[in-house]
Amino acid sequence: MSKTVDEVRSTLLSVLATGEFHSGEALGKALNLSRASISNHIKALTALGLDIYSVTGKGYCLASPLNFLTLKEISTHLPTGYSAPIEVLNVIGSTNQYIKEKFDDLENGHACLAEAQTAGRGRHGRKWVSPYGSSLYLSMYWHFTGGYAALGGLSLAVGVAVAKALVLSGVDGIKLKWPNDVYGLGKKLAGVLIEVEGQMGLGCQTVIGIGLNISLPKNVKEIDQPWIDLAQLTDNPLERNQLAANLLSTLTDTLGKFERDGLAPFIEDWRSKDVYANQAVKLIVGKQTISGIGRGVNESGAILLETEQGVKAFHGGEISVRPA
Ligand code: ATP
Ligand code: BTN
């Protein structure tokens, strides 16, 4: 049976993964394809965000070697007793969408990871730039027995979980931006997108999605705000499978604890990482902008802003915080 396009591209990538040069002819022979066909597959892989050099007389080469995510590798780094299902996918639209489509069949902690997303999303329908093999795109299912109100502050607890996973992987100095962003050196390193479906009396089905930049290609252009990746934050080479395992285990612990005890166990940690603590900021609330000083969060995870009228709490998904 002939291979699917996805299979051909996966094989091609596994040959290129070492980071050495391979001629079009050698690749063609290895995959039983013409050089023109190899060239077309390379173009498609480049469109997925892979940095592939093409040098006359030498062939094709990845800008940096690829370290694929595999279930086997991830499992070796998981703590004993970790039992939730994990799916490792190649190219997909959005890992959050993938989990949402299976909501009714999943158990708590069911997670998927992908090498690339073609329709990665952030809050308010914004785009999450998701090039191949250079980040973590992870989504996890969790069912919460309470209603929507019980989920207030969940994105803050998840931000704390991401910071904790990074500390386990040797990365310190992580800050959090209300309500869903993870920062390094004042720039966006990761984002959290929680999508919820509730049914009266049946609790809420949620998907918790995390996008974490590890080593983005140099030519990433579409991110319209300052960003950073782990490669710029640490000198230690980071193993993506190990990082994925750390993230999976801190996330399952966090979601279980949040379900039992709410936001309380995470608040102090969040406050200690608040990127805008005591800074002049503005809140964008729909068409309105409110300026003041960031004063952290209250017990339910609402952001506290000090204005001339005193300190006021703001909550709701429609608010964005920006430096003043
Ligand atoms: P806020 O959450 O405060 O409303 P935001 O600009 O962070 O504001 P989000 O919806 O949380 O918005 O995130 C989506 C935004 O993140 C995109 O509009 C883009 O600016 C940025 N972004 C997209 N992809 C990446 C990425 N891989 N790394 C860092 N930032 C990204
Ligand atoms: C944000 O900052 O607005 C959140 C970005 C969340 C991106 C992740 S990547 C994995 C999961 N799948 C998606 O489509 N989005 C989230």
Side-chain angles (χ1 to χ4, degrees), residues 48-49 69 87-89 91-102 110-142 154-156 158-159 161-162 174-196 206-233 240 243-244 247-248 251 274-276 281-286 289-290 294 303 305 314-324:
L48 283 173
L69 292 170
E87 295 182 65
V88 180
L89 309 162
V91 182
I92 189 173
S94 150
T95 53
N96 264 30
Q97 185 61 30
Y98 181 81
I99 292 286
K100 273 179 96 173
E101 282 166 13
K102 308 208 289 178
H110 189 119
C112 76
L113 294 115
E115 291 288 8
Q117 297 184 120
T118 52
R121 58 200 188 211
R123 296 208 304 156
H124 313 305
R126 294 182 195 123
K127 180 176 175 177
W128 187 256
V129 175
S130 309
Y132 195 101
S134 53
S135 299
L136 286 180
Y137 314 112
L138 183 159
S139 295
M140 184 178 282
Y141 171 81
W142 207 270
L154 177 57
S155 72
L156 307 193
V158 174
V162 175
I174 294 301
K175 297 279 182 188
L176 299 171
K177 187 193 122 192
W178 192 93
N180 67 322
D181 294 339
V182 179
Y183 269 51
L185 298 179
K187 298 173 194 169
K188 188 157 172 170
L189 171 71
V192 174
L193 177 67
I194 299 175
E195 298 183 71
V196 185
T206 63
V207 54
I208 293 95
I210 298 168
L212 169 65
N213 298 332
I214 298 189
S215 179
L216 294 192
K218 304 280 168 294
N219 58 0
V220 165
K221 289 185 200 78
E222 316 106 289
I223 309 179
D224 54 7
Q225 64 174 290
W227 62 269
I228 197 160
D229 55 17
L230 290 179
Q232 298 172 64
L233 278 181
R240 287 200 307 146
L243 198 51
L247 208 46
L248 287 163
L251 193 57
D274 181 359
V275 74
Y276 288 139
V281 291
K282 56 189 183 202
L283 294 198
I284 303 164
V285 190
T289 298
I290 308 162
I303 184 165
L305 188 74
F314 294 83
H315 37 100
E318 299 303 313
I319 305 172
S320 294
V321 194
R322 295 285 178 270

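For ligands, and for the atoms within them, numbers begin at 1 and follow the listed sequence.
Of the heavy atoms in Asp181, only side-chain atoms (C-beta onward) come closer than 4.0 Å to ligand 2. By the criterion of a heavy-atom distance under 4.0 Å, the side chain of Ser139, and not its backbone, is placed next to ligand 2.
Between Asp181 and Lys188, the closest heavy-atom pair is OD1-NZ, 3.0 Å. Scanning both residues, Ile99 and His110, for their nearest heavy atoms gives CD1-O, 4.0 Å. For the pair Asn96 and Ile208, the tightest heavy-atom approach, listed with the atom from each and the gap, is OD1-C, 4.1 Å. Closest approach of Gly93 to Gln117, counting heavy atoms only: O-CB, 3.2 Å. Taking each heavy atom of Val281 and Gly294 in turn, the nearest pair found is CG2-N, 3.9 Å. A pairwise comparison of heavy atoms in Leu156 and Pro179 identifies CD2-O, 3.5 Å as the closest pair.
Between the Ser139 side chain and the Cys112 main chain, no donor and acceptor come within less than 3.5 Å of each other. Counting only distance, with no hydrogens or angles, the side chain of Asn180 and the backbone of Leu193 share no donor-acceptor pair below 3.5 Å. With Tyr137 contributing its side chain and Pro131 its backbone, the two residues share a donor-acceptor pair below 3.5 Å.
Going from atom OG of Ser215 over to atom CG of Leu230 covers 9.0 Å, rounded to the nearest 0.5 Å.
In this comparison of Gly93, Ser94, Gly211, Ala114, the heavy atom closest to atom 14 (O) of ligand 2 sits on Ser94.
The closest protein non-hydrogen atom to atom 2 (O) of ligand 2 is Lys188 NZ, 2.8 Å. Counting only heavy atoms of the protein, atom 9 (S) of ligand 2 lies nearest to Gln117 NE2, 3.4 Å. In terms of protein heavy-atom proximity, atom 5 (C) of ligand 2 is nearest to Trp128 CE3, 3.5 Å. Scanning all protein heavy atoms for the shortest distance to atom 1 (C) of ligand 2 gives Asn180 ND2, 3.4 Å. With respect to atom 3 (O) of ligand 2, the closest heavy atom belonging to the protein is Arg123 N, 2.9 Å.
Ligand 2 is approached by Arg121 to a heavy-atom distance shorter than 4.0 Å. Remark: distances from the non-hydrogen atoms of Gln97 to ligand 2 are all 4.0 Å or more.
Residue Thr95 places at least one N or O, backbone or side chain, under 3.5 Å from an N or O of ligand 2.
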If you look at each N/O of ligand 1, which protein N/O atoms lie under 3.5 Å away, and at what distance?
unit_1, atom_1, unit_2, atom_2, d
ligand 1, 2 (O), Arg123, NE, 3.3
ligand 1, 2 (O), Arg123, NH2, 3.4
ligand 1, 2 (O), Asn180, OD1, 3.1
ligand 1, 3 (O), Lys177, NZ, 3.0
ligand 1, 3 (O), Arg322, NH1, 3.1
ligand 1, 4 (O), Arg123, NH2, 3.0
ligand 1, 4 (O), Arg126, NH1, 3.1
ligand 1, 4 (O), Ser320, OG, 2.5
ligand 1, 6 (O), Gln225, NE2, 2.9
ligand 1, 6 (O), Arg322, NH2, 3.4
ligand 1, 7 (O), Asp181, OD2, 3.0
ligand 1, 7 (O), Lys188, NZ, 2.7
ligand 1, 7 (O), Gln225, NE2, 3.4
ligand 1, 8 (O), Arg126, NH1, 3.4
ligand 1, 8 (O), Arg322, NH2, 3.1
ligand 1, 10 (O), Arg123, N, 3.0
ligand 1, 10 (O), Arg123, O, 3.2
ligand 1, 10 (O), Arg126, NH1, 2.8
ligand 1, 11 (O), Asn180, ND2, 3.2
ligand 1, 11 (O), Lys188, NZ, 3.3
ligand 1, 12 (O), Arg126, NH1, 2.6
ligand 1, 13 (O), Lys188, NZ, 2.9
ligand 1, 16 (O), Lys188, NZ, 3.3
ligand 1, 16 (O), Gln225, NE2, 3.4
ligand 1, 20 (O), Asp224, OD1, 2.4
ligand 1, 20 (O), Gln225, NE2, 3.0
ligand 1, 24 (N), Val129, N, 2.9
ligand 1, 27 (N), Val129, O, 3.0
ligand 1, 27 (N), Asn213, OD1, 3.1
ligand 1, 28 (N), Asn213, ND2, 2.8

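Each of the atoms 4 (C), 6 (C) of ligand 2 lies under 4.0 Å from some heavy atom of Leu193.
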- Item | Chi angles and distances behind the side chain to side chain contact (heavy atoms under 4.5 Å, CB included) call for Ile210, Val158 | CA-CA 9 Å; Ile210 298 168; Val158 174; 4.0 Å; yes

